[in-house]
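This report concerns only the one structure given below.
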Amino acid sequence: MSTPERNRDRDGEATFGEYGGQYVPEALMPALQELEDAYERYVLENEDGFMDEFRERMRDFGGRPTPLQRADRLSERYDREVYLKREDLVHGGAHKLNNALGQVLLAKYMGKERIVAETGAGQHGTATAMAAAHLDMPCEIYMGRTDINRQRPNVYRMRMNGAAVNPVTAGSGTLKEAINETMRDWATTVERTHYVIGSIVGPHPFPKLVREFQSVIGREAREQIREKTGRLPDSVLACAGGGSNTIGAFHEFVPDEDIALHAVEAGGSSLEIDEAEGVAPNSATLSTGTDGVLHGAMTKLLQSTDGQIVESHSVSAGLDYAGVGPELSHLVETGRVTPVSVPDEAALNGFHRLSNLEGIIPALESSHALGYLEENYEDLGDLVVVNVSGRGDKDLETVLEETETRDLEAAPDVEVFDRQ
Amino acid sequence: MSTPERNRDRDGEATFGEYGGQYVPEALMPALQELEDAYERYVLENEDGFMDEFRERMRDFGGRPTPLQRADRLSERYDREVYLKREDLVHGGAHKLNNALGQVLLAKYMGKERIVAETGAGQHGTATAMAAAHLDMPCEIYMGRTDINRQRPNVYRMRMNGAAVNPVTAGSGTLKEAINETMRDWATTVERTHYVIGSIVGPHPFPKLVREFQSVIGREAREQIREKTGRLPDSVLACAGGGSNTIGAFHEFVPDEDIALHAVEAGGSSLEIDEAEGVAPNSATLSTGTDGVLHGAMTKLLQSTDGQIVESHSVSAGLDYAGVGPELSHLVETGRVTPVSVPDEAALNGFHRLSNLEGIIPALESSHALGYLEENYEDLGDLVVVNVSGRGDKDLETVLEETETRDLEAAPDVEVFDRQ
Amino acid sequence: MTDEQTTADSEIEAAIRENHPALITYITAGDPSLEDTTEYVEALDRGGADLIELGLPFSEPIAEGPTIQAAINRALEAGTTPEGFFELVDDLETEAPLLVMTYYNMLLQYGPSEAQRASEGDAEKPRNEADVRPFVERAAEAGLSGIIVPDLPAEEADPLREACDEHGLDLVFIVAPTTEGERLERIMSQVSGFAYVQARLGTTGARADVSNATHDSLTRLEEYEVPKAVGFGVSEGDHAAEIIEAGADGVIVGSALVDIIAEHGEGNAPAAAALEAKAAELKRGARRGGGVDVPEPEQP
Amino acid sequence: MTDEQTTADSEIEAAIRENHPALITYITAGDPSLEDTTEYVEALDRGGADLIELGLPFSEPIAEGPTIQAAINRALEAGTTPEGFFELVDDLETEAPLLVMTYYNMLLQYGPSEAQRASEGDAEKPRNEADVRPFVERAAEAGLSGIIVPDLPAEEADPLREACDEHGLDLVFIVAPTTEGERLERIMSQVSGFAYVQARLGTTGARADVSNATHDSLTRLEEYEVPKAVGFGVSEGDHAAEIIEAGADGVIVGSALVDIIAEHGEGNAPAAAALEAKAAELKRGARRGGGVDVPEPEQP
Ligand SMILES: Cc1ncc(COP(=O)(O)O)c(C=O)c1O
Ligand SMILES: Cc1ncc(COP(=O)(O)O)c(C=O)c1O
């Protein structure tokens with residue numbers, strides 16, 4: 001093995017402190033064991049050169065390494081050095097491919113014949129479809145009917161990459177239902193199918209596996225910031241939905257205790273849960289959630305006192321999830337990661353600000369980290385790294401609509417939005 | 001200067017053989033001389049470290065170098081080695097930023113206070129708006145009213161990057177009119193304004209200047225193919241509209257006389273010009289055009305026998321131009337570059353094929369090169385490099401519409417296109 | 001504790017053995033209302049169910065097929081809560097022992113809230129170890145005989161196993177077609193009441209045939225003493241017969257019954273009658289498979 | 001050839017000097033039809049135009065403002081061709097000499113087509129050097145006195161300059177506010193007929209004032225013998241007066257006349273009358289500026 005730090009991942013534990021575990025139907029347990037075995041052999045031991053191939057494909061197909069860019073105008077604005085990790089430049093437009101390609105390749109090494117995945121807004125689905133096309137793997141994506149109607153372009157992209165998109169009509173037809181449905185497919189076809197989970201969530205070994213594929217973000221950033229500034233950052237900011245870009249950005253910095261790690265969640269319109277309606281007008285799971293089991297792992301959740309999962313909300317579809325990766329719950333619980341959140345408005349302003357000042361249109365997800373930066377830069381030290389987890393082309397319509405109804409200080413003139 | 005090859009560009013000539021020149025209103029001539037001077041000092045001599053800064057920004061902001069990827073499934077399909085130059089991974093989604101960033105930076109070095117640019121489908125406009133935002137330069141983009149209505153997302157992107165988008169209502173409200181209007185703005189404000197032209201067209205020194213910024217494509221590709229295969233390619237394919245990605249891909253290979261260079265033009269629906277209607281149902285300027293002067297340069301054109309410029313047509317908006325870079329005309333005239341074309345259908349099939357087989361959704365422009373590859377691979381030698389000049393997310397709607405009405409062999413099932 | 005001991009202590013195991021071949025039925029509590037559930041449970045009891053599983057609805061039922069998922073949604077929309085569920089069970093008087101089937105998070109969250117625990121100075125205790133006790137205690141108090149948690153594999157079951165032992169409840173585990181070797185042994189050493197043999201890969205839901213996996217699983221389980229009941233996809237008397245013939249001690253039927261409830265809509269005596277008839281059909285099928293001959297009922 | 005010689009040979013220069021201060025008018029041939037153009041040219045001639053520029057429409061008029069661009073589009077839509085244009089000029093009989101104003105590509109393409117030339121074994125000749133001759137020859141034959149090509153700077157003008165000399169046509173160059181030093185000298189050594197002084201940066205189009213750039217340009221040009229006429233934005237008699245006062249030998253008016261044509265639409269005698277009146281107003285203005293007092297015309 002080439003990277004000795006990775007030994008931290010070889011603890012053989014299915015949990016991170018009290019979080020994690022494997023809360024899944026019995027039928028899936030053998031598949032998880034098989035996956036754990038593959039994770040150890042191919043990912044941790046680089047058996048058959050798996051990691052070499054993964055890295056090579058992420059370079060040639062995925063466009064890695066992504067740059068770490070000094071944000072000149074943000075640095076000036078905040079009177080400190082601000083650097084952006086440009087995951088928006090990864091093929092497909094977000095960090096999601098790091099994980100999708102890793103898992104599809106692993107499925108190939110494991111001899112699986114078929115890939116399934118869930119998707120909400122379509123980001124993980126498109127990344128998985130791209131990876132599957134690239135590696136010639138049949139691929140089916142489960143997507144809620146409501147999401148399908150809201151995210152047509154992503155549906156087309158998946159179909160053009162040759163993936164089947166299976167509409168999920170149950171419930172509200174969004175991400176939660178799509179995950180449930182994918183689990184069902186997997187439970188039925190587990191022997192020949194790999195489930196490419198979309199974030200660092202789910203039962204062990206998924207959170208570790210996904211971390212392994214995503215931690216390239218922080219590994220590169222660490223090397224790049226050293227090269228550019230001769231030092232390590234004072235703080236690292238990343239948005240957190242399921243938390244894959246978050247752990248991806250943080251992992252290599254976790255041992256450096258004096259580097260502040262801020263996981264920026266979607267504050268939505270309010271941090272309170274409406275118990276009666278079973279609705280959280282936010283997705284601030286780390287900041288406000290309570291411990292429980294969802295989708296295979298013990299973690300922090302948005303839930304009612306009875307234990308029902310509530311509907312989360314965020315202007316950003318990719319953060320709109322009631323759970324979060326168990327490792328993040330653990331890192332928050334132990335104080336290593338600081339959970340923070342900003343409301344929808346701050347994220348929208350962050351979106352406009354980066355577009356306008358730096359010529360980078362960030363994903364609405366990533367815009368949360370930029371919104372937090374604006375409001376809290378004074379507490380972040382002299383050298384700040386922000387993970388721009390994806391590009392915002394997919395969010396244009398949403399931003400236009402949301403900007404029309406609000407008075408956003410960072411938005412360009414309203415006539416921009418003359419959508420005759 | 002670090003790259004000695006560049007001496008070839010220092011001939012001080014305003015023409016490429018009989019093509020090129022400076023056919024512009026007198027008022028612009030001093031600005032062209034100023035630009036020529038700046039081109040020689042900053043670009044060719046790297047004065048004040050201009051080229052160093054350009055390269056650094058293209059790396060950190062633009063995401064260069066882009067990968068040269070082996071296309072596994074195309075290689076198998078065609079039984080030869082096919083490599084893709086991944087310009088689709090450049091920030092903004094196309095090679096256009098190479099030029100836009102170079103010119104905006106040059107304008108800054110020249111002390112200009114303001115940027116104008118034309119755009120057709122919006123690709124050059126968005127690239128320029130991004131570059132201008134990044135470098136804090138006020139920016140106005142001229143865009144035909146018809147194009148504005150057809151390309152709303154690109155209009156939004158420009159506005160979000162803080163650029164003004166000025167609708168051009170004259171004529172058919174498309175690219176030609178936008179260029180005319182931008183020239184007018186420039187002619188009025190020339191002392192403080194730089195016109196960021198969008199391809200290797202226009203009066204000297206634009207074609208050389210743009211070549212200088214775009215030739216990074218071929219420079220990287222040359223090094224990468226050597227590293228990966230130990231040799232140089234037998235042929236290089238690039239689509240050609242104005243020809244900036246084309247010259248960009250070819251320039252470093254021009255001296256290697258045994259490498260075939262194919263400029264793939266838009267064959268549209270037919271290669272004939274309808275003189276009566278003043279319409280060419282194609283944009284195959286190099287293949288079918290005649291010599292004349294358009295937008296400041298002597299070059300090959302789609303024109304009536306009287307000398308009126310005809311309306312070109314292509315399913316791909318970025319190739320839809322009645323002119324072409326004078327250097328390409330020269331390279332075609334001297335036999336160094338082979339002009340070829342494929343019809344709309346072949347490009348659409350190329351689009352679907354790459355999406356489906358390789359997990360890369362190419363721009364419809366680039367899809368022309370892929371369409372040509374499919375039909376002519378046997379004549380291209382053992383090692384082929386195809387320039388994927390941009391990504392196709394912008395083209396989804398067009399491709400859906402065009403696919404619905406045709407019987408395309410490479411398209412996925414029709415139900416993909418259920419657009420309820 | 002040896003197998004023999006478990007066997008001896010278990011009300012559930014006793015019910016299966018005494019009524020061999022046994023019929024185990026599942027419906028979702030609160031679908032379409034808790035009042036209706038009372039009626040339906042009584043109907044199943046009358047119809048010949050030997051054990052009755054009651055689903056306590058959870059919002060993310062990842063092991064269920066569309067039928068039961070829809071029933072759970074109806075129950076949640078009707079406002080079914082754990083406390084309402086337990087009150088229902090408090091009042092039920094059936095011959096057949098009752099089990100609760102629910103997801104692990106429902107067990108974890110039952111009891112004093114984090115805030116309450118904090119005010120009681122109890123917040124330090126890690127929830128995932130401590131918190132299943134209040135649920136199990138209340139289940140026992142309500143008279144439930146066992147618990148099935150479809151998202152709790154044996155590896156994670158220690159806390160619940162302990163709590164169940166403490167309160168004398170059976171903890172039923174599912175044995176899947178993919179469960180083999182060491183894992184099978186581990187599960188079989190923990191199971192009590194009966195082994196829930198999953199007839200096929202996939203989720204719950206009525207199907208038209210009996211899978212080969214059922215036969216294989218029963219063969220793998222032959223050596224174990226604990227009764228085996230087969231579920232997932234059983235919908236007709238003939239399936240029941242076939243399964244019992246293959247060596248099972250009981251059949252478990254859920255989706256087929258939930259379908260009946262769904263067809264009849266809200267608060268419906270005919271639904272109860274239909275459930276009773278269906279239970280009778282299934283029980284007859286099981287008996288037929290077990291070689292116990294039963295005459296067809298008279299046509300009405 | 002010295003300035004003096006040029007001066008002596010030039011019909012255009014003579015027209016300016018004889019009618020000093022001169023009015024030079026522009027309209028687009030074929031707007032809205034070639035028949036109308038004949039009428040309009042005659043009206044301008046009557047109204048007092050001393051030189052008449054006729055635009056031969058080109059599809060990409062990058063030096064024009066919106067007004068003339070629209071006129072060009074109307075002319076093209078009406079089917080105006082170079083041959084039609086020359087036939088129009090063939091038949092025109094005006095006191096004022098005529099110039100053609102068009103873009104370089106129109107000159108290049110005129111004459112035998114590439115296919116024709118190929119069949120005549122002539123295709124080898126590079127078009128950009130050879131091909132302006134047929135146009136110039138035909139222009140001379142039609143009786144045109146000069147040529148203005150707004151997208152042809154002096155640097156690219158050698159072939160055309162030669163052809164014009166050969167056929168005795170003047171080649172008018174534009175001097176822009178940005179034209180200085182060496183470039184100015186070069187242009188002034190090539191110009192014949194008059195120097196077209198561009199009043200301001202930008203494109204053609206009627207404007208409400210006279211720019212400072214005009215004064216600066218005229219000062220820079222003082223030392224040159226050739227007549228100077230100022231255009232771009234001149235629309236009223238008062239502008240004309242001011243420009244002549246500043247030292248110009250003539251004013252050039254285009255957009256203001258094209259506006260009149262556009263207002264009146266197709267085939268319109270009133271348009272001709274209005275053009276004549278406008279020309280008269282402008283000519284009076286020019287004379288006023290030149291100190292030649294002219295009484296206002298009687299109100300109708
Ligand atoms: C660009 C981008 N960033 C962030 C996220 C959130 O996911 P995670 O928290 O797993 O990084 C998403 C999810 O779709 C995304 O598309
Ligand atoms: C992706 C892409 N490729 C190619 C082109 C054609 O331009 P050029 O021929 O200058 O490369 C365009 C123009 O918009 C483009 O967007």
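The structure presented is a predicted model; accordingly, all values stated were derived computationally and were not measured. Within every chain, numbering begins at 1; the chains are lettered A, B, ... in the order of the sequence lines, protein sequences first and strands thereafter.
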Distance check, rounded to the nearest 0.5 Å: [X] atom [atom1] versus [Y] atom [atom2]?
X        : Y        : atom1 : atom2 : result
D:Glu156 : B:Met29  : CD    : CE    : 7.0 Å
D:Ile174 : B:Glu26  : CD1   : CD    : 8.0 Å
B:Thr290 : D:Gln109 : OG1   : CD    : 5.5 Å

With the side chain counted from C-beta on, respond yes when [X] and [Y] share a heavy-atom pair under 4.5 Å apart, and no when they do not.
X        : Y        : value
D:Thr81  : B:Asp306 : yes
D:Ile62  : B:Pro25  : yes
D:Glu155 : B:His204 : no
B:Glu191 : D:Thr178 : yes

Can you say whether B:Ile179 sits under 4.5 Å from chain D via the side chain, the backbone, both, or neither, judging by heavy atoms?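 For B:Ile179, neither part sits under 4.5 Å from chain D.
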
Quick check on B:Ala27 against chain D: is it the side chain, the backbone, both or neither that has a heavy atom closer than 4.5 Å?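 Both parts, backbone and side chain.
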
Residue selection (most heavy-atom pairs with chain B, distance under 4.5 Å) from D:Pro153, D:Pro61, D:Ala176: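 Option with the greatest count: D:Pro153.
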
Just give me the residue among D:Glu83, D:Arg183, D:Gln198, D:Glu64 that pairs up with chain B most often, heavy atom to heavy atom, under 4.5 Å.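 Among the listed options, the one with the most contacts to chain B is D:Arg183.
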
Are a donor atom and an acceptor atom from the side chains of B:Gln303 and D:Asn105 found within less than 3.5 Å of each other?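 Short answer, yes.
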
Member of D:Tyr103, D:Tyr104, D:Phe58 meeting the ring pair (Phe, Tyr, Trp, His ring centres under 6.0 Å) criterion with B:Tyr23: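 When ring pair (Phe, Tyr, Trp, His ring centres under 6.0 Å) is applied between B:Tyr23 and each of D:Tyr103, D:Tyr104, D:Phe58, only D:Tyr104 qualifies.
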
Which portion of [X] sits near chain B, non-hydrogen atoms under 4.5 angstrom:
X        : result
D:Leu107 : neither
D:Pro177 : neither
D:Pro66  : neither

If you count heavy-atom pairs under 4.5 Å between each of B:Pro203, B:Ser304, B:Gly292 and chain D, which one has the most? B:Gly292

Heavy atoms of other groups near B:Glu275 CD, more than 12 under 6.0 Å: yes

Taking atom CG of D:Asn212 as the centre, does the number of heavy atoms from other residues, nucleotides or ligands within less than 6.0 Å exceed 12? no

Measure across D:Leu108 and B:Met298 and return the closest heavy-atom pair with its distance rounded to 0.1 Å. CD1-CE, 3.6 Å

Taking side chain to side chain donor-acceptor pair (under 3.5 Å) as the cut-off, I'd like each qualifying pair that reaches into residues 165-185 of chain B, sequence neighbours left out, listed once. B:Arg114-B:Asp185, B:Glu140-B:Asn166, B:Tyr142-B:Asp185, B:Ser172-B:Thr174, B:Ser172-B:Glu177, B:Thr174-B:Glu177, B:Lys176-D:Glu60, B:Asn180-B:His295, B:Asn180-D:Glu60, B:Glu181-B:Arg184, B:Arg184-D:Gln69, B:Asp185-B:Thr189

